[in-house]
Chemist: 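Input: one structure, supplied below.
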Number of protein chains: 2
Amino acid sequence: MQFKISKELLEQIEQLIHQKNDQELAVLLNDLHHADIAEIFDELDIDEATYIFRILDSEITAEILPELEDDIREKILQGLSAKEIAEELDELDTDDAADIIAELSQSKKEEVISELEDVEHAKDIVDLLRYSEATAGGLMGKEMVKVNENWNVLTCVKEMRMQAEHVTRVHSIYVVDDENRLKGRLSLKDLLTTSTKTPISEVYIKKVDYVNVDTPNTEVARVMQKYDLEAIPVVDEMGRLVGRVTIDDIVDVIKEEADKDYQMAAGITQDVEAGDSVFEMIKARLPWLLIGMAIEIVASFVLKGNESAFDKYKTLIIFVPLLSATAGNIGVQASAIVVQGLANGSLKEFSSNYFKKELFVAMLSGTVISVFLLIFHSVVYQQYHVGIAISISMIVVILFAAMLGTLVPLFLHKNKIDPAIATGPFITTTNDVFGIMIYFAIARLILGF
Amino acid sequence: MQFKISKELLEQIEQLIHQKNDQELAVLLNDLHHADIAEIFDELDIDEATYIFRILDSEITAEILPELEDDIREKILQGLSAKEIAEELDELDTDDAADIIAELSQSKKEEVISELEDVEHAKDIVDLLRYSEATAGGLMGKEMVKVNENWNVLTCVKEMRMQAEHVTRVHSIYVVDDENRLKGRLSLKDLLTTSTKTPISEVYIKKVDYVNVDTPNTEVARVMQKYDLEAIPVVDEMGRLVGRVTIDDIVDVIKEEADKDYQMAAGITQDVEAGDSVFEMIKARLPWLLIGMAIEIVASFVLKGNESAFDKYKTLIIFVPLLSATAGNIGVQASAIVVQGLANGSLKEFSSNYFKKELFVAMLSGTVISVFLLIFHSVVYQQYHVGIAISISMIVVILFAAMLGTLVPLFLHKNKIDPAIATGPFITTTNDVFGIMIYFAIARLILGF
C-alpha cells in the first residue's frame, strides 16, 4: 500500500462536494487512513475541508485533527461549536486532545472542557494542560497500563484487559506501589511467557528508565534514542507515575529540532514552510537580512578606510569576494561541527585539544588555498609582493574565521543561547567584517599604502 | 535514573584496569546499561576498552558492539578471533549482527559466519547481507512474531509464546498464508481482549502497511512517521513476508538525514564529528573550500573587468561585500525552504504559484533593503546617482538570487541529485559571481564608466 494524492482524486472529491454527494464521499474517504485524509485536507480550500469534516464519523475526524497543519486545524475548529469539538476530543488520546485544547482561546477552552463527556478523560486533559510544551509533561499522555506491585499475575491480566480497552498501543506495563510511585516495569514478553500464578513482585524488572515532568523534550529525545526506548514513563516531583511519552512524539521532536537548526543555519528565524503566506515568510527572513546588511555596512567603512589601496593595488581589491567567501565557508564548517558535537554530546564545553585540532585543520586548509592563490596571482598578474601579501593575509583570516567559528557556538551554548545561531548569517557577515579588516591591515603592513 | 560519565568514574575504571581488578570492574560495569558502557568505551583508549570487553559477559558485550563508534568497534573486532566475534553475534538481533558482519573483511566475514552456532540465525544473517544498506532490506531484522491465517487463536498463542522467546520486543503479530505471503496483522491489544477460541481469520486486520525490500530507507522513514508506526513489515517481490523494520532504526535514519542536510549546508561533504582526525576533517572540508575558491576567482575577473569604476565610483566598490552577503543570504533562505518542502512533501516539483510567491517575498525584502541603502548612501556620501544605481542593482541581484535559490534545488531534485547541496557553499559563491556581474552591469548602464 502506498497512498499518493493524485489530481484525479482531488478533482473527484471536489466534484462530489459540489454535487453534495455525501454517500459516495463517505465511501471514498472511509477507505483511507486518517493521515491520508489529513493530506487531502491540506490541498482543499477551507469550505471544502469543513464540508467533508462534517460528513465523516467523529471517530475518523478526531484522528485527522492532530495530523492537520496548524492553520487549517485552527480554521476548521473555528467553524465548530464547543460541543462538536468536545465530541472530537472524547475520541482522542489525552496528549493529542490537550495539544488541541491548548490552541483554543481561553473562553472556548473552558466551554469545550465543560462539554467533555468522559469525566476521567476530561480530568486527565486538564491535568496535562498545566505542563509547558517543551517538557516531558507537555509531551506525555495519560494512556498506559499500570499494575500494583502487590497484585499477582492473574489479577494483573484481568486489570490489564480492562485498561487495555482505553489504550491504543500497549508499550510496557508499569508497576507502581500503593502510593502510585513508579517501582519498575513488566515486559509484554514476560507476560506472554510467564505462568499466571506468579506474584508480580517476583517478575517485575526493577530497573526502569524514566524522566521527570519538567525534563526538557530534547533531553527526553536523547534518553529514548540512546536506550532505544519506545515509551518512557514520566514521574512527578514525588516519584509518582503521571504519564508516558511515546516514540512517535519523540520522532516529531527530533525532526523539529533538526529542522530548526537547519533553518537557523539558513537565516530563517521561525518555522516557515513552502505553503506559508508572504507575510510569514518576510517575518521569518527579513530580520536576518537586515542584521546582515547592518554588519556589512561596517565592512563598507573598513573598505572606505583603505581607499588609498584602490589606486595602487587593484588586485588586492578584486580578491575581496574570494577572501570573504573562504572565511565565511571555513567559519560555518567550524561552527557546524561544534553545533553537532554539542547536540550529540561528543563535545560538552571548550576543549583545548579540540580547539588545537580545528586550528591545525584551518592552518593546513589555509596553506593549500594560499599557495594556490600565490601561484595564480603570480602567473596572471605578476605583482609578486602583492601576491605574497594576499596569501599571508589569507592564512591569517582563515585561522581567525576558524577560531571565531569554534568559539562563538561554545560561548552561546555556555550562556544558554542556541548555538545553531552561529552557523547563520550573523556569523558569516561578522567574519566578513573582521576578515576584510585583517586582510587590509596585513596588506598595509607589507605593502604600505 | 540519569547516567552521566564523570571524570571520577573514568579514573576509577582506568585504575581498576591497571590493577587488573577484574572482579570489581565487573561489579561496577554490570550495573550499567550497555549504551552507557559504550559511552565509556568511547572515552577509553583502545587497549583499556579491549581489556574490559574481554572480562564482561558476551550477553552484555554483544549489545555494546552496535552502540560503539565505527572506528572503535573496528579496532575492538580486530583484536578478536572469528570464533569470539561469532559468539557476540549469536547474542545479537539479526539486523545488528548483519550490520557488524558487513563491516568485516571478506575473508573474516566467511570465517565468522562459519563459526555461528545457531544455524537458523546464521541463515537469517546471510540473507540480510545481500540487501543494500539504504533500503528497507538493509534496515530490517528477521525477529518477528508471525502466525498462519488458518490457525485459531489458541494455536496462535502457543506458537507465539515460542516465537516470542527469540524476539526482544513484540510490536505486532503478522498474519501470513501458507505461501508466507503477508495477509494482515493482529494487534497485541486484540490478543489481550479476544477469547482464545476465535479463529485467526475472523480477528485479523486485513489492512496492513508494508514496504518492499528495495524501498529506500528515507521512504520507509516517511511512511512510518506519517502513519505513526512502531514497526512495519517488509515483503519481497512476491509479497512474501521477509522481515520488519522497527522505529528505533528509523529514528537513526531521520537523524542521519537531518545531520547530512545540515552538514551539506555547512559545506561538509561527509559525516565528520568533533572527535574525527585532522585528515578526515580536511577530506570532508577542503574540497568545498577549493570549489568556493575556484568560483570566486571568476568573481575576481568580473571585478577586474570593472576596474575603471575603482577610480570614479569608489562607493560602488565598498558595497560589494554587502551586496554579496545579501544575495547569499536570500539565496540560502530560498533554497532551504525548497529543500525542506521537498523533504516533507509539501513541495513536489516546480510550482509557478510558489515561484511567484518567493519572487514577491524577494521583491519586498529587496525594496526594504534598497530604500535603507539609498537613504544611508545619500546621507553619508551624498552622491545621489551612485546611490540610486546601487539600490536598483541591489533589487535586481536579490531577485536573481531568490530565483536561483528556488530553481537550483528543484533542478537538482528533478535530476536525482540531493537538493541540499543547493544550500551549501557552491550556491552562495555562484550567487556571488552572478551578483557582482549584475551589479556592475546595471551600475555601468546608469553611471557609464
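These values consider heavy atoms only, across backbone and side chains, with no hydrogens, waters or symmetry-generated copies. Within every chain, numbering begins at 1; the chains are lettered A, B, ... in the order of the sequence lines, protein sequences first and strands thereafter.
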Chemist: With respect to chain B, which residue among V339(A), D42(A), I295(A), T326(A) yields the maximal number of heavy-atom pairs within a distance under 4.5 Å?
Modeler: V339(A)

Chemist: Which one wins on heavy-atom pair count under 4.5 Å against chain B: A35(A), G267(A), P321(A)?
Modeler: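 Option with the top pair count is P321(A).
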
Chemist: Could you check whether any side-chain N or O of T269(A) sits under 3.5 Å from a backbone N or O of A284(A), counting only pairs where one atom can act as donor and the other as acceptor?
Modeler: yes

Chemist: Quick check on the interface: out of L289(A), L373(A), L342(A), D252(A), who has the most heavy-atom pairs with chain B under 4.5 Å?
Modeler: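 Option with the greatest count: L289(A).
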
Chemist: Tell me which of these, G424(A), S365(A), G341(A), has more heavy-atom pairs under 4.5 Å with chain B than the rest.
Modeler: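 Result: the option with the highest number of such pairs is S365(A).
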
Chemist: Mind ranking E257(B), M224(B), E39(B) by heavy-atom pairs under 4.5 Å with chain A and telling me who comes out on top?
Modeler: E39(B)

Chemist: Got a list of side-chain donor-acceptor pairs under 3.5 Å for residues 298-305 of chain A, not counting sequence neighbours?
Modeler:
from	atom 1	to	atom 2	distance (Å)
S300(A)	OG	I297(A)	O	2.6
K304(A)	NZ	E307(A)	OE2	2.8

Chemist: Side chain, backbone, both or neither: which part of A334(A) has a heavy atom under 4.5 Å from chain B?
Modeler: both

Chemist: Which heavy atom in A325(A) sits nearest to a heavy atom in E296(B), and how many Å separate them?
Modeler: CB-OE2, 3.2 Å

Chemist: Hey, which of E67(B), M293(B), K348(B), E43(B) has the most heavy atom pairs under 4.5 Å with chain A?
Modeler: M293(B)

Chemist: Do the rings of F376(A) and F319(A) sit parallel, tilted or perpendicular, given the 30° and 60° boundaries?
Modeler: perpendicular

Chemist: Could you work out, with side chain to side chain donor-acceptor pair (under 3.5 Å) as the rule, every residue matching H377(B), not counting sequence neighbours?
Modeler: T315(B)

Chemist: For the candidates H34(B), E69(B), E273(B), Q225(B), which exhibits the highest count of non-hydrogen atom pairs separated by less than 4.5 Å from chain A?
Modeler: Q225(B)

Chemist: Any donor and acceptor pair, going by atom type alone, linking the side chain of S335(B) with main-chain N or O of G405(B) inside 3.5 Å?
Modeler: yes

Chemist: Flag the pair R285(B) and E358(A) as a salt bridge only when some basic side-chain nitrogen lies within less than 4.0 angstrom of an acidic carboxylate oxygen.
Modeler: yes

Chemist: For chain A, find which of F360(B), F372(B), Y381(B) contributes the most heavy-atom pairs closer than 4.5 angstrom.
Modeler: Y381(B)

Chemist: Side chain, backbone, both or neither: which part of V278(A) has a heavy atom under 4.5 Å from chain B?
Modeler: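 It is both, since atoms from each part get that close.
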
Chemist: Quick one: which of L322(B), L364(B), D432(B) has the most heavy-atom pairs under 4.5 Å with chain A, could you say?
Modeler: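 Among the listed options, the one with the most contacts to chain A is L322(B).
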
Chemist: For the side chain of T429(B) and the backbone of G292(B), is there at least one donor-acceptor N/O pair under 3.5 Å apart?
Modeler: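 No, T429(B) side chain to G292(B) backbone: no donor-acceptor pair under 3.5 Å.
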
Chemist: Evaluate E219(A) against R222(A) for salt bridge (charged side-chain N to carboxylate O under 4.0 Å, His left out), listing each step before the verdict.
Modeler: CA-CA 5 Å; E219(A) 175 64 13; R222(A) 201 190 59 77; 3.1 Å; yes

Chemist: Where does I369(A) contact chain B at under 4.5 Å (heavy atoms): side chain, backbone, both or neither?
Modeler: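 Interface part for I369(A): both.
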
Chemist: Keeping Q263(A) on the side-chain end and V272(A) on the backbone end, is there a donor-acceptor pair under 3.5 Å?
Modeler: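 Between the backbone of V272(A) and the side chain of Q263(A) there is a qualifying donor-acceptor contact (under 3.5 Å).
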
Chemist: Can you tell me which portion of I317(B) sits under 4.5 Å from chain A's heavy atoms? Options are side chain, backbone, both or neither.
Modeler: both

Chemist: Does any heavy atom of chain B fall under 4.5 Å from the side chain of Y354(A), the backbone, both, or neither of them?
Modeler: side chain

Chemist: Have D248(A) and T246(A) got a donor and an acceptor in their side chains that come within less than 3.5 Å?
Modeler: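 Yes, because at least one side-chain N or O of D248(A) sits under 3.5 Å from a partner of the opposite role on T246(A).
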
Chemist: Against chain B, work out which of S277(A), A258(A), A336(A) has the most heavy-atom pairs shorter than 4.5 Å and name it.
Modeler: A336(A)

Chemist: In terms of heavy-atom proximity below 4.5 Å to chain B, should I330(A) be classed as side chain, backbone, both, or neither?
Modeler: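 Both parts, heavy atoms under 4.5 Å.
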
Chemist: Which bit of V368(B) comes within less than 4.5 Å of chain A, counting heavy atoms only: side chain, backbone, both or neither?
Modeler: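 When you check distances to chain A, only side chain atoms of V368(B) fall under 4.5 Å.
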
Chemist: Go through D249(B), N306(B), D276(B) and name the one with the most non-hydrogen pairs under 4.5 angstrom from chain A.
Modeler: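 Heavy-atom pair counts peak at D276(B).
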
